[in-house]
Amino acid sequence: MAIQNTSDIKFQIELDENKIPERLSWTAPEGGIIDEEAKAIMLSIWNSTKKETLRIDLWTKDMPVDEMKVFFHQTLLAMSETFERATADEQMASTMKDFCAYFAEKMEIND
């Protein structure tokens, strides 16, 4: 079967002289996103051949810690929802969501 469509997502990372991210932005034309600024990016890529996850975790040096905590909380919640959709394992997804609630409580996140 021939590939009929492709979609590109582009990340732009501006670094300071020490190669620390100062500005992050991304573009996803099909989603209507053009040069949208971000303060953090977490990207996981599954390498099926090696059976391992490759990661890119970046954040700007002016990313506030309180926002980083919320970012992690929302990412963990999204992962639990994705896990449930991908595996249909409702029990483990529920356990993950319980941890997210615990995380939010301990981090004093009220989002």
Expected list for residues 28-45: side-chain donor-acceptor pairs under 3.5 angstrom, two or more places apart:
residue : atom : partner : partner atom : Å
D35     : OD1  : S25     : OG           : 3.0
K39     : NZ   : D62     : OD1          : 3.1
K39     : NZ   : D62     : OD2          : 2.8

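Cluster annotation: L76 and F71 are assigned to the same hydrophobic cluster (Ile/Leu/Val/Met/Phe/Trp/Tyr, side-chain heavy-atom contacts under 4.5 Å, transitive). A chain of hydrophobic side-chain contacts below 4.5 Å, direct or via other Ile, Leu, Val, Met, Phe, Trp or Tyr residues, connects W59 to M107.
Side-chain contact between K51 and W46 is present, with at least one heavy-atom pair separated by less than 4.5 Å. When side chains are defined from C-beta on, M68 does not count as touching V70, because their heavy atoms never get closer than 4.5 Å. A 4.5 Å side-chain heavy-atom check between L77 and T75 finds every atom pair outside the cut-off. Taking 4.5 Å as the limit, some side-chain heavy atom of F103 sits within range of a side-chain heavy atom of F72. With contacts defined as side-chain heavy-atom distances shorter than 4.5 Å, the pair M92/F83 qualifies. Side-chain contact between K10 and W26 is absent, with no heavy atoms from C-beta onward closer than 4.5 Å. The shortest side-chain heavy-atom distance between F11 and L24 does not fall under the 4.5 Å cut-off.
Shown here is M63, whose CE atom has more than 12 heavy atoms of other residues, nucleotides or ligands within 6.0 Å. Heavy-atom contacts from other residues, nucleotides or ligands closer than 6.0 Å to CD of E52 number more than 12.
Shown here for A93 and S80, the closest heavy-atom pair between the two residues is CB-O, 3.8 Å.
Expressed to the nearest 0.5 Å, how far CG of L15 lies from CD1 of I20 amounts to 8.5 Å.
Under the 3.5 Å distance criterion, the side-chain polar atoms of T82 are matched with a main-chain donor or acceptor of A78.
Remark: N5 pairs with no residue by the side chain to side chain contact (heavy atoms under 4.5 Å, CB included) rule, at least two apart or across chains. Residues meeting the side chain to side chain donor-acceptor pair (under 3.5 Å) test with K61, sequence neighbours left out: D16, E22.
Residues K97 and E84 are paired through a salt bridge, judged by an N-O separation under 4.0 Å between the basic side chain and the carboxylate.
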